[in-house]
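Each remark here refers to the structure printed beneath this line.
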Amino acid sequence: MVPKAELHCHIEGAASPDLVLCQARKYGVDTSDFLRDGAYHWYDFTSFLAAYDAAANLFRSEEDYALLAEDYLTGLSREGAVYSEIFTSPDHAERAGLSRMAYTNALGEGIERARAATGIEGRIIITGVRHFGAGAVEDAARFAAACGHRLVTGFGMAGDERFGNVRDYENAFETAREAGLGLTVHAGEFGGWESVEAALNHIRPARIGHGVRAIENPDLVRRLAEEGVVLEVCPVSNIVLKVFSDYASHPLPELLEAGCRVTLNSDDPPHFHTSLGHEYHVAREHFGLDDATLRSLTRTAIEAAFVDETTRTRLLGILDDKTVAQ
Ligand SMILES: Nc1ncnc2[nH]cnc12
Ligand SMILES: [Zn+2]
């Protein structure tokens, strides 16, 4: 099995329908609006975000979140993943009645449990939600900068990219940068190439969430390659959310060919009927990537991971060991 590493997965969006149904029974909530016949139901990006929020609202206690992270990472390890960064959303936890710190500690506990059981390494990227406004994203950044949790190593922004101007979020990212956190921002998913360029100019992140619509501007693709900005590409998400109509028109192969640093990610796996393993399968079947190239994408992810150098070296060692073993 090709070793895998993931940089872009929203933990609330990773809750399996079975786990969500369990939570719904626990809290006596009817899920039929967004979950039917064992699968999530929504029809466009806006209704997807609503389903995501509704599922998130069923995680309310520290044990709920510990279980969510443990369940996700344990399953990911079975697919051959050695590393995972989860995007967390303190705003969602607060809406569900849990403090940001309790939420972060609980997810950390879930990561530690999964590591003890399987060896998978995990880190937390705290995210602000763009369509909650600049004030909310600044609050999330201040929390990320101050929380002091050992596993919090990055800050990002998700949510509806069509909302507001990326400039309005500069302060939030400055706060996170000054605290030494790695930076990633969603851009070039529902916004076009201009959104990627604006993110580069105003946020200066090490990584871009998606970034795939940079393909609309060859100069920008060259810039991404030259600056070595890493793209957290989520192919199945892009097809299911209709960012591209089919795999034949998905730009991942072209971005790779242009020298961009590309990684494979699942985004919100059960919502899109995917998993990290399935993303690697899709890259093989639809983009024609061979095992050596898939391993090089894992290498890119580990190189771009927001981890200390000792951990990075250990992870690269595992990748090389497994490469030799096959
Ligand atoms: N694909 C996506 N784009 C933006 N925000 C998100 N939050 C969860 N999934 C997302
Ligand atoms: Zn995302």
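Atoms within each ligand, like the ligands themselves, are counted from 1 in listed order. For the single chain, residues carry numbers from 1 onward in sequence order.
When atom types are taken as modelled, the side chain of R261 and the backbone of G228 share a donor-acceptor pair closer than 3.5 angstrom. A donor-acceptor contact shorter than 3.5 Å links the side chain of R177 to the backbone of I203. In terms of modelled atom types and a separation under 3.5 Å, the side chain of R130 and the main chain of F163 share a donor-acceptor contact. In this structure, the side chain of E216 engages the main chain of W193 through a donor-acceptor pair within 3.5 Å.
In this structure, a donor-acceptor pair under 3.5 Å is present between the side chains of S266 and E6. Side-chain contact annotation: S16 with D18, donor-acceptor N/O pair under 3.5 Å absent.
The ligand atoms of ligand 1 that sit less than 4.0 angstrom from a heavy atom of Y52 are 8 (C). The contact set between ligand 1 and A158, taken as ligand atoms under 4.0 Å from a residue heavy atom, comprises 5 (N). In the vicinity of E189, heavy-atom distances shorter than 4.0 Å reach the ligand 1 atoms 1 (N), 2 (C), 3 (N), 4 (C). Shown in contact with H210 at under 4.0 Å from a heavy atom are these atoms of ligand 1, numbered in order with element: 1 (N). Taking a cut-off of under 4.0 Å to the non-hydrogen atoms of F45, the atoms of ligand 1 that pass are 2 (C), 3 (N), 4 (C).
Classification of D291 and R284 as a salt-bridged pair holds, one side-chain N sitting under 4.0 Å from a carboxylate O.
Between the Zn ion (ligand 2) and H10 there is an N/O/S contact shorter than 2.8 Å. Among the atoms of H8, an N, O or S atom falls under 2.8 Å from the Zn ion (ligand 2). For a distance bound of 2.8 Å, the N, O or S atoms of H210 include none lying that close to the Zn ion (ligand 2). Not a single N/O/S atom of E189, whether from backbone or side chain, sits less than 2.8 Å from the Zn ion (ligand 2).
Taking the six-membered ring for Trp and the full ring otherwise, H273 and H278 have centroids separated by 6.0 Å or more.
The N, O or S atom of D267 with the smallest distance to the Zn ion (ligand 2) is OD1.
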For the pair T311 and Y83, evaluate side chain to side chain donor-acceptor pair (under 3.5 Å) and give the outcome as yes or no after the intermediate values. CA-CA 10 Å; T311 306; Y83 181 73; over 6 Å; no

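A heavy-atom separation below 4.0 Å is not found between F87 and ligand 1.
Nearest non-hydrogen protein atom to atom 5 (N) of ligand 1 is G159 N, 2.9 Å.
For a threshold of 3.5 Å applied to N or O pairs, the pair formed by D267 and ligand 1 contains at least one separation below that value. Between F272 and ligand 1, a contact under 3.5 Å exists for no N or O pair.
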